[in-house]
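Down below is the structure, laid out as structure tokens.
Everything quoted here is computed from the prediction, not taken from an experiment. Naming: A, B, ... by sequence-line order, numbering from 1 per chain.
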There are 2 protein chains.
Amino acid sequence: MKLTTKGRYAVTAMLDLAIHAESKPITLSEISERQGISLSYLEQLFAKLRKNELVKSVRGPGGGYQLFNSPADIVVAKVIDAVNESTDVTACGGKGNCHDGKQCITHDLWCELSEQIHQFLSGITLQNVIDKQKAKEEAQREDNLRPSEPNNTFILSQVS
Amino acid sequence: MKLTTKGRYAVTAMLDLAIHAESKPITLSEISERQGISLSYLEQLFAKLRKNELVKSVRGPGGGYQLFNSPADIVVAKVIDAVNESTDVTACGGKGNCHDGKQCITHDLWCELSEQIHQFLSGITLQNVIDKQKAKEEAQREDNLRPSEPNNTFILSQVS
DNA sequence: TATTTACCCGAGTATTTTAGTCGGTTATAC
DNA sequence: GTATAACCGACTAAAATACTCGGGTAAATA
Ligand code: FES
Ligand code: FES
């Protein structure tokens, strides 16, 4: 599926937008500085995010970007899809023709993995990520003696 | 995590080895021809697979490669790890320092996705893939009128 | 209406990664 | 000793990524 900085930047920027959401739009310069992402690169990403109706823009002075929907209605998968154009890990792109026209022995395997990844990322909204972050900070404030212990609770994970 | 042809080739080659397993070792030339993978490239991959004790080699005439363990004891995750060196999707490599020393807002998200992927690929053995393939071929032989309909059953998937 | 702000857009480029080649060495069966 | 096939390191072509650059265009303010 190809998860690279492009996708990571996009999610980070969207989260920044969600966190600093006000009535006023947020400029890319702000995001650029806060998150340490090149402004020109952000512009490229936001062009795609806008085309996919994940953000809306306001031009001119006082302008900037705002989330198209509420953070609770935007899933991470959409954001990555928007800039990366596929969360698919097959060689054939789902067509089943990578072994000279015929479907290769590994095809089904990659198909299912793709599905798995997509399902995971489709189940997490921007709001989920923010809530988790807040909970974590609060926990750290209460007992900031211990070094942070990992707590994976986006999903009730089936770790044994 | 970066799933590319390198990892796909490795899995394909291992499956080829599993399917054509005999008392005799299999040469890379055979695999190269059957699977359409460059011989020299295969050599590179198998060097890593051998170092990770996934295959064992026999040199000289009549030599070649054999699986180190039974196909039922080799999980796909190991194969990919061996050649790709990480199924990790974080920017920081798990260190939590990608936002100038501090952990970024998306860190936990990528950590959990990595975990998810790794768990999926750790639950599937080469034998699983082969069995699935066989079942599929058999089903197609019985009613080869209909075009193949997808059946994802590696895992009892929770698709709604 | 001039100016400033900040989005908009396409093209171009440096860097990195991937995929693959090449030339040669070593072990072993016959 | 000769053919076979694994072993090894270095090198390279091609593709993808992560940017930059230069100029737009819409809108608010003065
Ligand atoms: S990955 Fe789809 S046919 Fe090989
Ligand atoms: S991904 Fe780990 S700190 Fe950003």
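- Side-chain atoms of B:Y65 and B:I31, non-hydrogen and from C-beta on, never get closer than 4.5 Å to each other.
- Using a 4.5 Å heavy-atom threshold, the side chains of B:L113 and B:I117 count as touching.
- A:T27 contributes a side-chain N or O that, together with a main-chain N or O of A:E30, makes up a donor-acceptor pair within less than 3.5 Å.
- To the nearest 0.5 angstrom, A:L17 atom CG is 10.5 Å from A:L54 atom CG.
- Dashed line: the shortest gap from a side-chain N or O of A:Y9 to OP1 or OP2 of D:dC19 is under 4.0 Å.
- Counted within 6.0 Å of CD on A:E43, heavy atoms from surrounding residues, nucleotides or ligands total more than 12; the atom is thus considered enclosed.
- Remark: side-chain polar atoms of B:H20 are paired, donor with acceptor, to backbone N or O of B:D16 under 3.5 angstrom.
- Note: CD (B:Q66) to P (D:dA5) measures 14 Å, nearest angstrom.
- A distance-only check finds a donor-acceptor pair linking the side chain of A:T12 to the backbone of A:R8 [under 3.5 Å].
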Could you go through nucleotides 26-30 of chain D and list every protein N or O atom that sits under 3.5 Å from one of its N or O atoms, giving the distance for each pair?
| from | atom 1 | to | atom 2 | distance (Å) |
| --- | --- | --- | --- | --- |
| D:dA26 | O4' | A:R59 | NE | 3.3 |

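- At C:dC8, one or more side-chain N or O atoms of A:S57 fall inside 4.0 Å of OP1 or OP2 (strictly under the cut-off).
- Residues from residues 34-55 of chain B lying near DNA chain C, meaning a heavy-atom separation below 4.0 Å, are B:S38, B:S40, B:Y41, B:Q44 in numerical order.
- Taking atom OH on B:Y65 and atom C1' on C:dA27, their separation rounds to 13 Å, with Å as the unit.
- What separates NZ of A:K56 from P of C:dC8 is a distance of 14 Å, to the nearest Å.
- Heavy-atom distances under 4.0 Å link DNA chain D to no residue of residues 12-33 of chain A.
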Please lay out, stage by stage, how A:E115 and A:Q119 fare under the test side chain to side chain donor-acceptor pair (under 3.5 Å).
CA-CA 6 Å; A:E115 182 63 23; A:Q119 234 161 64; 3.1 Å; yes

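- Side-chain atoms of A:T125 come within 3.5 Å of backbone atoms of A:N128 as a donor-acceptor pair (strictly under, hydrogens ignored).
- Taken from CG in A:L121 to CD in A:Q116, the straight-line distance is 11.0 Å, to the nearest 0.5 Å.
- Distance check: B:L39 CG to B:S29 OG gives 5.0 Å after rounding to the nearest 0.5 Å.
- Taking side-chain N and O atoms only, B:T5 has a distance below 4.0 Å to OP1 or OP2 of C:dA19.
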